[in-house]
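Inspection log for the structure reproduced underneath, given as structure tokens.
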Amino acid sequence: MGRLLDWFRRLRATRLTWQLVLVVLDVAGILLATIITYLARFELRIPHAYGRYLLVAFAASVVVYVVAVALFGLYRVVLRYVGVDTMLRCAGAVLCSAAVLTLADVAAGLLNSGQRIVPLGVVLIQAVFVFIALAGIRLSVRAAHYVRAAGRHEGMRTLIVGAGSAGSLLLRDVQARTGLAFQVVGFLDDNERIKGNRLGGVPVVGDLDELEEVVATYDIQQLFVALPSAPDGTVRALLNRAAALGLATRIMPKLVIETGEVRAADLRKVDVEDLLGRELTPIDSEQVAATIAGKCVAVTGAAGSIGSELCRQIMKLHPARLVLAEIDESRLYELFFELEAMEEGVAQMCLVDIRDRRKLLRVFAETRPSVILHAAAYKQVPLMELEPIEAVRSNVIGTANVMEAATKVGAERFVLISTDKAVAPINVMGKTKQLAERLMLAFTQSAAADQDQNQDQNQDIQDAADTDTTDLSTLEKSQAEDAGSHSASTTMTCVVVRFGNVLGSRGSVVPIFEDQLRRGGPITVTDPEVTRFFMTIPEAARLVLQAQAIGTAGDVFVLEMGESHRILDLAHKMIALSGVPAEIEIVGLRSGEKLHESLTSEGEELEPTSAERILRVTHLSEAPLDARTYERLVSALEAGTLTRDDIMLL
């Protein structure tokens with residue numbers, strides 16, 4: 001007996017079992033509808049001429065209607081989601097069945113000396129009653145789920161923002177899933193026409209401006225934002241208000257509504273980009289593409305946060321080749337296959353360390369890039385305080401190696417990705433990035449001097465040719481060719497693009513906070529007053545590409561970062577929106593950290609450019625890194641005598 005009960009429980013849980021139960025209910029409904037039809041049509045007295053064919057009529061009706069219901073997919077419908085679509089399917093199945101039964105009845109009449117088996121009125125009335133039966137069976141199951149959900153008054157009191165398609169579909173899924181630990185108590189929507197109405201039994205209690213009042217009145221604990229088509233600015237303002245109220249919040253992704261199926265499982269946690277991000281700045285795509293399309297482009301640090309996004313955006317500009325220079329082989333491999341999926345045969349993997357001068361020279365000689373975006377660098381401030389020598393090797397010597405390799409292959413453009421920490425640096429990481437900027441300035445200064453010298457030399461040769469009636473000597477021709485060749489090799493346009501923290505980059509504050517929240521806290525903040533500038537990775541990459549397109553030799557650009565954000569406020573918002581009851585622990589500033597970052601040094605000024613949110617630094621406070629100082633740095637590094645203090649004094 002025990003085994004029999006176990007078998008029955010397993011059988012009851014299968015999809016096939018429920019389909020069989022539904023078929024049995026449909027058969028009973030069809031038979032009942034047919035009986036009622038005959039009794040109603042003939043006022044309880046069925047003539048013998050039709051009564052003798054009752055069994056045939058019953059059998060034909062059951063077979064035809066059940067087959068039609070199956071063909072219209074009504075046995076594959078999830079009954080808790082029954083709606084208009086299911087009713088339309090029922091109507092289609094009934095109409096097709098009525099047509100088939102009518103044709104069969106006419107054919108039978110022709111074969112039976114004109115005596116029809118079923119009157120036409122019976123077929124039509126039967127169709128109405130069968131539709132009521134089929135629809136009623138399915139709606140009753142849906143109603144049972146609804147009543148069960150409506151009677152649930154436990155779990156987090158939840159407010160849905162958005163009473164449109166996404167919000168109503170989300171409510172349906174929530175009500176159908178009785179195991180969810182929350183109850184929806186209302187909607188917020190800016191459509192005045194539906195205020196006070198009910199969707200699925202849940203009232204629209206106000207508009208978005210009334211969030212604070214509604215939360216207090218209805219004791220709301222959780223917010224679901226179902227506004228997939230709303231402007232980012234509207235959603236961002238709403239999320240910040242929710243964070244200030246301490247509401248756990250989930251958000252509906254923009255693309256979900258397009259699938260036509262919205263589920264509670266589709267809701268995602270609020271990302272910091274949702275709070276701090278901004279509308280992507282429009283760029284001059286044609287101008288940027290003119291510097292990329294059809295050319296070989298190299299990105300160092302290609303698999304990093306900024307480098308990988310640069311690669312994705314460069315691929316959309318159709319370069320002839322994209323050289324991925326990276327030392328992390330696992331991430332390089334993953335990025336390569338991602339880019340291959342975008343367009344085959346363009347990306348090229350190069351496992352190379354920028355500190356390895358010979359390997360870098362060989363890679364550039366083989367690929368001959370026209371544009372180099374130098375994103376490779378050590379960026380973690382506390383770690384570089386512990387390893388200052390490695391910071392110099394990567395951020396200074398590595399940059400010099402890349403610039404040398406770029407010069408030797410006659411590259412057109414070189415872009416150094418820098419940081420706000422290079423401004424009045426107090427840590428090794430920032431200082432080495434400042435030295436990299438000064439290297440670029442020294443190269444530009446040297447290239448300009450070489451060009452002037454070459455022009456003077458060419459002019460002297462030309463003057464000599466003008467005063468001599470004979471042809472130029474072989475020596476003079478050789479000098480002219482050498483001068484022209486050297487001039488061509490020093491026309492590389494070098495620019496610096498400087499910006500603050502990018503949201504979500506590896507090792508930055510946001511991923512650290514997210515990891516701490518996953519572990520239940522505490523969240524560690526260095527100082528209650530510490531502030532930072534933030535920008536999303538896609539926006540930073542777009543503006544870097546735009547900056548390199550408008551840059552001239554020696555330009556230092558700063559990306560307009562907006563207002564700085566207090567890290568303590570960011571921590572509070574992330575805790576509130578996540579719903580994790582985590583504590584905040586103040587641990588003190590780490591070695592080399594500033595309380596506030598700046599994008600310019602004292603005395604430097606910013607001027608607008610032709611591109612939105614890209615500013616040019618004028619009156620640079622940094623002096624180019626002269627050759628003697630660089631040689632002294634390299635000598636101390638090779639001798640093993642270089643110290644942190646030496647680096648900071650350069």
ask   = What pairs of residues pass the side-chain hydrogen bond (donor to acceptor under 3.5 Å, both in side chains) test when at least one of them lies in residues 573-589, not counting sequence neighbours?
value = N240-K573
request  = Compute the ring centroids of F499 and F557, then answer whether they are less than 6.0 Å apart.
outcome  = no
ask   = So, T249 versus Q222: side-chain donor-acceptor pair below 3.5 Å or not?
value = no
key: Distance-minimising heavy-atom pair for A303 and R331   = CB-CB, 3.6 Å
message = Go through it in stages, so that I can follow the logic: the residues are E343 and M315, the test is side-chain contact (heavy atoms from CB on, under 4.5 Å), and I'd like the CA-CA distance, side-chain angles, deciding distance and then a yes or no.
response = CA-CA 8 Å; E343 185 177 350; M315 286 292 290; 3.8 Å; yes
note = Closest heavy-atom pair, L517 versus A582, reported as atoms and distance to 0.1 Å, is CD2-CB, 3.9 Å
message = Parallel, tilted or perpendicular, judged at 30° and 60°: which one describes the rings of H565 and F534?
response = tilted
ask   = Which distance, rounded to the nearest 0.5 Å, do you find between the CG of L223 and the CG of L188?
value = 7.5 Å
message = Using a strict threshold of under 4.0 Å (side-chain N to carboxylate O), is an ion pair present between D420 and K433?
response = no
task = Mind checking the CD1-CG spacing from I537 to L503? Nearest 0.5 Å is all I need.
result = 8.0 Å
query = More than 12 non-hydrogen atoms from neighbouring residues, nucleotides or ligands closer than 6.0 Å to NZ on K195, yes or no?
reply = yes
Donor-acceptor contact present, side-chain R157 to main-chain Y218, <3.5 Å = yes
task = Go through R613 and E539 one step at a time and tell me if the salt bridge (Lys or Arg N to Asp or Glu O under 4.0 Å) criterion holds.
result = CA-CA 10 Å; R613 291 184 182 171; E539 183 179 17; 2.7 Å; yes
message = Checking the side chain of Q313 only, and the main-chain atoms of P538 only, is there a donor and an acceptor separated by less than 3.5 Å?
response = yes
inquiry  = Given 3.5 Å as the limit, does a donor-acceptor pair link the side chain of Q380 with the main chain of P382, or not?
reply    = no
ask   = Do E560 side-chain atoms and I614 backbone N/O form a donor-acceptor pair below 3.5 Å?
value = no
remark   = With sequence neighbours left out, the residues meeting salt bridge (Lys or Arg N to Asp or Glu O under 4.0 Å) with R312 are E309, E338
Distance-only side-chain donor-acceptor flag, E612 / Q546, under 3.5 Å = no
inquiry  = On a heavy-atom basis, which atom in I586 and which in P528 lie closest, and how many Å separate them?
reply    = CG2-CD, 3.8 Å
inquiry  = Quick check on E563: does its CD atom have over 12 non-hydrogen neighbours (other residues, nucleotides or ligands) under 6.0 Å away?
reply    = no
key: Side-chain donor-acceptor pair present, E597, S564, cut-off under 3.5 Å   = no
query = Where the side chain of D274 meets the backbone of D271, is there a donor-acceptor pair that is under 3.5 Å apart?
reply = yes
inquiry  = So which atom in R532 and which in K594 form the shortest heavy-atom distance, rounded to 0.1 Å?
reply    = NH2-O, 2.9 Å
query = Quick check: does any side chain N or O of T234 sit under 3.5 Å from a backbone N or O of A230, one acting as donor and the other as acceptor?
reply = no
note = Nearest heavy-atom approach of A541 to L310 is O-CD2, 3.6 Å
request  = Looking only at non-hydrogen atoms, find the nearest pair between V509 and I567 and report the distance.
outcome  = CG2-CG2, 4.2 Å
ask   = Backbone N or O of A237 within a donor-acceptor pair of the R241 side chain at under 3.5 Å?
value = no
request  = For salt bridge (Lys or Arg N to Asp or Glu O under 4.0 Å), just list the numbers for E593 and K421, CA-CA rounded to whole Å, side-chain angles, deciding distance to a tenth of an Å, and then say yes or no.
outcome  = CA-CA 9 Å; E593 278 194 323; K421 293 174 178 59; over 6 Å; no
